[in-house]
**Q** 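Just dropping this structure here.
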2 protein chains.
Amino acid sequence: MPQKLTLKKIAQDLKVSISTVSKALRDSHEISVETRDKIKDYAKKYNYKPNNIALSLKNQKTKKIGVIIPEIVHHFFATVISGIEKVANDKGYQVIICLSGESFDKEVVNMDMLANGSIDGFIMSLSKETLERQDYHHLREVLNQGMPIVMFDRAVEGIPCDKIIIDDVAAAQSATEFLLRKGKSKLAIISTVDYVNVGRLRTQGFKEALLKRGIEVSDKDVLKIEDTENSTTIIENFLKDTDYDGIIAVNELFAVTASKALQKLGKSIPDDASIIAFTDGMLSKYASPTLTTIGQKGEDMGGLAAAKLIERLEAPQTIEESYETVIVKTSLVERESTP
Amino acid sequence: MPQKLTLKKIAQDLKVSISTVSKALRDSHEISVETRDKIKDYAKKYNYKPNNIALSLKNQKTKKIGVIIPEIVHHFFATVISGIEKVANDKGYQVIICLSGESFDKEVVNMDMLANGSIDGFIMSLSKETLERQDYHHLREVLNQGMPIVMFDRAVEGIPCDKIIIDDVAAAQSATEFLLRKGKSKLAIISTVDYVNVGRLRTQGFKEALLKRGIEVSDKDVLKIEDTENSTTIIENFLKDTDYDGIIAVNELFAVTASKALQKLGKSIPDDASIIAFTDGMLSKYASPTLTTIGQKGEDMGGLAAAKLIERLEAPQTIEESYETVIVKTSLVERESTP
DNA sequence: TTGTATGCGTTATCAG
DNA sequence: CTGATAACGCATACAA
């Protein structure tokens, strides 16, 4: 196993100084063509590559971006990563991923680890526990050190950073209006508990759309699920009690569960009841019937987040403390679960 | 934005030398209790954390592991990452992820980038294109530098490294036998092209199981799909031509597509035709009917791969050139698509 | 008990 | 045109 080639070793082998080698390899004009070629040939022959760690230490930048998300097995997050990775790689950055597992402590620990020189900036979506506690000291600490953060999807107010989100309220509104236009009138939403902001905002949009039409909204038509654990039973019971003809779900899982529950109750979809799910993933595409969804454009969001972060990292001297919130347009993907 | 605290700055502020600070913070006995406490208090107060890059350069190890996989939006790979990440984090390692997007070139580029000091070792699953070309020079180069690799799932022979795989042949065999035992006799397998080794091996297991029962196997009963692009039409045509009563698919996507195609043809599942899918993911769990699967234990595989890699990284002086291939047991998860 | 010097691999500045 | 030196942040062998 031949040791990794360094400038030092090349210098020794060729009996020149380290700095000559360094300059030659960077095509400096102050090196004679002969020595330069000699060195470059040697380097190419033995496949010299500069050591990234040394460069990072020297340049005070790692060309790496840290991504902290709750889970990677959720399709939406996987698409976001995919988008981040594509843009980042194009611009010469690498992606370090840490999962919080929806835990506040793990989010903090991971952030601390990465913040100590491993990366140049963060892209993140907050854990449920963090949203519940509303404790953002770890974000503030990192920002105070001058390290930028871009939040996506599960973002919060009051943190000086860029954000990439969708307009959850508007998306839920238009989905609701879509169902109403299709002649559905007894609607329900299957959402999360309120501290998960996307759940809260989507519920808000749902309610607003109904009120605008002069339709009374009862809290009984809003199902708030805390855990995915036994969501099946909860959803089944919820749908058994009332005769809904239109359901909006804040994620695919709840949607397909609702679809199955309704069919079990003898209802036909979309005729007896229609369904719209947030997130346009695999599940909706392959469910029976296939589900109409609100596409969240995970890959786009990831790409935008990465572009934004890198732009900030490479900005000459960002004294300007103006942060941007990009709202990504959602799109309604119509499938069999709506008429 | 207060600059990041370094040993140097602490030393200046406290008017001691850098090495004194360093030693004090590492609880060296050669430092007096007073100065030690003074320094530790100061460090804690201003939240000193050693710089990872500097440590990496000094120690010649980064405590990071590089993961290169084809795609992250495939549920199987997402579960593997999840497993890797858990084990790695527990042992103080971080995970850098690069996607090859099934491209040979991108795999090579990513490997080169990571190999230059960014990480201590690799965990990877080869891209389709790499398998097709059978060009593994990039792996050999990395191994020659003394950097260990652990391959999982899409592993190949002849590379001196550890491997974490499932026994694809045996798993396909037992799934086939399972269908035969349930009284199915006209079986087919929906697989990938042969250069994707998992597809080839699963097809082999399928054939062997049938031959063992003295059942003739025709190549017409093996559908080899190259791309997921228009797999739906291909599968529909395939199933229309022959009256199969049992289908094995090498992934969930093909399985659920087959299920829908069969139902469209007026067949009832599992009575008229049964289905078994490789990979126990979301799709199978929420399909209608739910699909029986061969669980690949992605999270376990990832965990094992990480454990194996870290074990090798931390082994005192591994001159022993003995590599291990761990075969992870699969499990049949019975659901509605089989009787 | 404390401090100085050296090295990890690289680049940049300055002298020769 | 070439080379010596310092610096990035840290750890450690060796002096004082």
Side-chain angles (χ1 to χ4, degrees), chain A residues 2-40 42-43 46-64 113 115-120 145-147, chain B residues 2-40 42-43 46-64 113 115-120 145-147:
Chain A
Q3 292 223 57
K4 193 86 181 107
L5 201 56
T6 66
L7 289 187
K8 196 189 201 176
K9 239 166 277 164
I10 299 182
Q12 286 169 348
D13 293 353
L14 263 42
K15 306 206 186 302
V16 291
S17 78
I18 296 181
S19 47
T20 304
V21 178
S22 173
K23 284 173 187 162
L25 292 177
R26 327 193 91 243
D27 284 316
S28 166
H29 291 290
E30 33 177 310
I31 302 292
S32 72
V33 190
E34 311 144 46
T35 35
R36 199 185 52 176
D37 286 352
K38 183 179 70 177
I39 290 170
K40 292 190 87 168
Y42 190 89
Y46 294 106
N47 192 31
Y48 168 79
K49 297 272 175 54
N51 179 307
N52 280 331
I53 297 290
L55 287 178
S56 296
L57 187 59
K58 183 102 192 65
N59 303 331
Q60 299 290 65
K61 56 182 62 171
T62 62
K63 294 286 233 171
K64 297 197 202 314
M113 293 199 62
N116 296 318
S118 294
I119 60 162
D120 297 337
Q145 285 177 200
M147 183 174 286
Chain B
Q3 293 224 56
K4 193 86 179 109
L5 202 55
T6 67
L7 289 187
K8 196 188 201 176
K9 237 164 280 162
I10 298 181
Q12 287 169 345
D13 292 353
L14 262 42
K15 305 201 186 306
V16 290
S17 78
I18 295 181
S19 55
T20 304
V21 178
S22 173
K23 285 173 187 162
L25 292 177
R26 327 194 89 247
D27 282 318
S28 166
H29 292 291
E30 32 177 304
I31 302 292
S32 73
V33 190
E34 309 146 48
T35 36
R36 200 184 52 177
D37 285 353
K38 182 178 70 178
I39 291 169
K40 294 191 83 167
Y42 191 89
Y46 293 107
N47 193 31
Y48 168 78
K49 297 271 175 57
N51 179 308
N52 281 329
I53 297 290
L55 286 178
S56 295
L57 188 60
K58 181 107 203 42
N59 304 329
Q60 298 292 65
K61 55 182 64 173
T62 61
K63 293 286 235 171
K64 299 197 202 315
M113 294 200 58
N116 295 317
S118 294
I119 59 161
D120 297 336
Q145 283 176 201
M147 186 174 283

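A note on names: the letters A, B, ... follow the listed sequences, proteins ahead of strands, and every chain is numbered from 1. No experiment lies behind these values; they were computed from the predicted model shown. Values reported hereafter were calculated over all heavy atoms of this structure, with side chains retained and with hydrogens, waters and symmetry mates removed.
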**Q** With B/E30, which residues qualify under salt bridge (charged side-chain N to carboxylate O under 4.0 Å, His left out), at least two apart?
**A** B/K23
**Q** Check side chain to side chain donor-acceptor pair (under 3.5 Å) between A/K64 and all other residues, then give those that pass, not counting sequence neighbours.
**A**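 Listed in chain order: A/Q94, B/S118.
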**Q** Reading DNA chain D from 5' to 3', where do the contacts with chain A start and stop? Cut-off is 4.0 Å to heavy atoms.
**A** D/dC1 to D/dG9
**Q** Would you say the side-chain atoms of B/K40 pair up with the backbone N or O of B/R26, donor to acceptor, closer than 3.5 Å?
**A**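 Not confirmed, B/K40 side chain does not pair with B/R26 backbone.
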**Q** State which residues pass salt bridge (charged side-chain N to carboxylate O under 4.0 Å, His left out) with A/K61; sequence neighbours excluded, sorted by chain then number.
**A** none
**Q** Test of understanding: with side chain to side chain donor-acceptor pair (under 3.5 Å), list the residues that count as partners of B/T35, not counting sequence neighbours.
**A**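 Expected list: B/S32.
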**Q** Suppose we screen for side chain to side chain contact (heavy atoms under 4.5 Å, CB included). Which residues come up paired with A/I53, at least two apart in sequence or across chains?
**A** A/N51, B/I53, B/S56, B/L57, B/T62
**Q** Please identify each residue that fulfils side chain to side chain contact (heavy atoms under 4.5 Å, CB included) with B/I18, with sequence neighbours left out.
**A**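 For B/I18, the residues satisfying side chain to side chain contact (heavy atoms under 4.5 Å, CB included) (neighbours in sequence not counted) are B/L7, B/K8, B/A11.
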**Q** With sequence neighbours excluded, tell me which residues meet salt bridge (charged side-chain N to carboxylate O under 4.0 Å, His left out) with A/K49.
**A** B/D112
**Q** Who pairs with A/K38 by salt bridge (charged side-chain N to carboxylate O under 4.0 Å, His left out), at least two apart in sequence or on another chain?
**A** none
**Q** Counting only side-chain N and O atoms of B/S32, is one of them less than 4.0 Å from OP1 or OP2 of C/dT1?
**A**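 No, because none of the side-chain N or O atoms of B/S32 sits under 4.0 Å from OP1 or OP2 of C/dT1.
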**Q** Base, sugar-phosphate or nothing for A/T35? Non-hydrogen atoms, less than 4.0 Å.
**A** sugar-phosphate
**Q** Summarise protein proximity over nucleotides 9-16 of chain C in one line of letters, 5' to 3': B for base, S for sugar-phosphate only, - for none, counting protein heavy atoms closer than 4.0 Å.
**A** BBBBBB--
**Q** Bend across the helix from C/dT1-D/dA16 to C/dG16-D/dC1, to 10°, with axes taken over 5 pairs at each end?
**A** 70°
**Q** What residue pairs, at least two apart or across chains, pass side chain to side chain donor-acceptor pair (under 3.5 Å) with a residue in residues 10-20 of chain B?
**A**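 As it turns out, the side chain to side chain donor-acceptor pair (under 3.5 Å) pairs with a partner in residues 10-20 of chain B, which skip direct neighbours, are B/D13-B/Y42, B/S17-B/S19, B/S17-B/T20.
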